[in-house]
2 protein chains.
Amino acid sequence: MGWKMAHDDQGCPGCEAPDLAFSRHDHGHCQADALGRAEVLIAARGLRMTPVRQRVLEILLETHRAVGAYVVLDRLAAEGFGNQPPVVYRALDFLEEQGLAHRIRRLNAFTACMHPGEAHAPSFLICRSCDLVAEAPAKAVRGALEAVALMVGFTVEGSNIEAMGQCADCRGRAA
Amino acid sequence: MGWKMAHDDQGCPGCEAPDLAFSRHDHGHCQADALGRAEVLIAARGLRMTPVRQRVLEILLETHRAVGAYVVLDRLAAEGFGNQPPVVYRALDFLEEQGLAHRIRRLNAFTACMHPGEAHAPSFLICRSCDLVAEAPAKAVRGALEAVALMVGFTVEGSNIEAMGQCADCRGRAA
DNA sequence: GGTATAGTTGTAATAGTATAACATGGTCAA
DNA sequence: TTGACCATGTTATACTATTACAACTATACC
């Protein structure tokens with residue numbers, strides 16, 4: 001295979017690399033790993049990974065790009081699921097609440113979480129050329145944000161941190 | 001007046017306070033200051049602060065909340081401007097490009113920039129109770145984000161950093 | 001097993017946000 | 001005053017998201 005392995009067999013630490021989306025990797029493993037983790041997590045919480053939810057997650061996991069709700073909906077409809085917006089939005093909301101997917105507000109689209117289960121307040125790097133979306137560790141970023149908030153007595157309950165720009169490959173190609 | 005003055009006469013440093021939106025202040029000065037700066041800035045850049053643009057900025061400056069495009073549009077229409085979406089979106093795009101307004105992606109709405117002209121990559125604190133939006137200094141936040149990006153060779157060209165939560169006042173009232 | 005319950009999905013209708021494309025009109029400089 | 005450029009007006013449409021209600025399914029409890 002032409003892929004550079006970005007992981008080993010235990011816990012897929014490579015999948016926590018901030019540049020996962022931008023680097024060649026065994027995406028099949030990437031998908032399977034995330035999906036497996038998701039199922040375990042949902043079961044552990046006493047919730048149900050229904051067919052619609054699982055299928056939506058699978059669709060999101062196909063790519064490291066953000067996918068619009070209506071693109072997912074069309075896929076679902078073609079496969080015999082309901083073809084009205086609530087079908088997909090409910091699944092997406094569920095996945096987001098459970099930390100299995102993230103909403104990329106800048107794109108009005110969604111992307112699968114690449115390391116579900118780990119407590120994380122992610123930030124995203126969105127390449128304007130190839131549209132890949134990398135989920136970067138945002139511990140430092142989130143810390144800085146909370147520091148500012150603390151100064152004014154503001155309690156941060158949730159945040160969205162997104163950077164638009166260009167990934168290394170695309171910048172190289174452009175130059 | 002019942003307002004605590006949050007500024008002095010030269011440059012309105014108070015208007016750079018991260019908690020401006022959340023603290024009582026002379027909002028009239030706040031507005032006038034931002035508007036004045038905006039006009040100077042636009043002129044200096046050889047651009048035109050047209051009636052529509054100015055009116056949109058004024059409307060955004062009325063409150064420290066984010067305002068939806070269609071709310072602005074209704075106001076414009078009631079005042080004799082065009083009543084079609086492009087009218088307001090063009091003005092908002094212009095203001096955003098010039099750093100005079102910011103898009104709050106989490107709310108699909110817009111807010112006036114409180115210290116135009118200063119180079120800044122703002123972050124926003126959005127109170128879920130009172131809907132006030134504070135523009136907080138994001139130098140540290142932006143720095144952290146760029147540090148992460150640098151690690152993977154990603155070039156940050158723009159960012160949106162928004163925190164949803166509760167301001168000090170609202171938290172106090174809730175307790 | 002039967003049945004109440006909560007949760008999930010299906011469906012219809014509608015609300016809200018944003019852009020493309022083209023026509024019109026104003027401003028400024030040569 | 002003509003031409004170029006920019007801004008605005010207008011029509012139409014695309015895209016994103018939610019409300020409300022009906023039907024169904026799994027589960028737990030009796």
Side-chain angles (χ1 to χ4, degrees), chain A residues 38-39 42-60 65-98 100-111 131 160 162 164, chain B residues 38-39 42-43 45-57 59-60 65-98 100-111 131 160 162 164:
Chain A
E39 280 165 3
I42 292 307
R45 290 176 188 161
L47 302 172
R48 285 151 58 189
M49 182 59 99
T50 63
V52 201
R53 291 168 178 174
Q54 166 145 355
R55 197 68 196 100
V56 169
L57 182 53
E58 285 169 3
I59 291 169
L60 293 184
R65 290 180 173 83
V67 184
Y70 281 74
V71 171
V72 177
L73 180 56
D74 288 348
R75 296 279 303 272
L76 291 180
E79 295 172 14
F81 293 97
N83 70 341
Q84 298 303 316
V87 172
V88 67
Y89 278 104
R90 282 188 293 232
L92 288 168
D93 289 349
F94 173 85
L95 294 172
E96 197 181 13
E97 275 162 22
Q98 298 307 318
L100 303 175
H102 300 292
R103 183 187 286 248
I104 307 297
R105 307 208 92 106
R106 193 145 184 145
L107 303 177
N108 290 324
F110 301 81
T111 191
D131 296 323
N160 53 294
E162 300 164 5
M164 180 64 79
Chain B
E39 280 164 3
I42 292 306
R45 290 176 186 163
L47 302 172
R48 285 151 59 188
M49 183 60 99
T50 62
V52 200
R53 291 169 177 174
Q54 166 144 357
R55 197 67 196 102
V56 169
L57 182 54
I59 290 169
L60 293 184
R65 290 180 174 84
V67 184
Y70 282 72
V71 172
V72 177
L73 180 56
D74 287 347
R75 297 278 304 272
L76 290 180
E79 294 172 16
F81 293 97
N83 69 341
Q84 297 305 313
V87 171
V88 69
Y89 278 103
R90 281 189 293 234
L92 288 168
D93 289 349
F94 173 85
L95 294 172
E96 197 181 11
E97 275 162 20
Q98 299 307 316
L100 303 174
H102 299 292
R103 183 188 286 247
I104 308 297
R105 306 207 93 105
R106 194 145 183 144
L107 304 176
N108 289 324
F110 301 81
T111 190
D131 295 324
N160 52 294
E162 301 164 4
M164 180 65 78

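Below, read A as the first sequence line, B as the second, and so on, with proteins coming before strands; counting in each chain starts at 1.
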* Might you point out which heavy atoms bring B:Gly82 and B:Leu76 nearest each other, and give the distance in Å? => O-CB, 4.5 Å
* Asked: If you measure only the distance, is there a donor-acceptor pair under 3.5 Å linking the side chains of A:Arg106 and B:Asn160?
  -> yes
* How many Å lie between CE on B:Met49 and C1' on C:dT27, as a whole number? -> 18 Å
* Would A:Arg103 count as a cation-pi partner of A:Phe110, with NZ or CZ less than 6.0 Å from the six-membered ring centre and within 45° of the ring normal? -> no
* Which parts of nucleotides 3-21 of chain C does protein reach within less than 4.0 Å, heavy atoms only, written one letter per nucleotide 5' to 3' as B for base, S for sugar-phosphate only and - for none? -> -----SBBBB----BBBB-
* Could A:Arg105 and A:Glu162 be called an ion pair, given the rule that one side-chain N must be under 4.0 Å from one carboxylate O? -> no
* **Close side-chain approach of A:Val52 and A:Val88, heavy atoms under 4.5 Å** => no
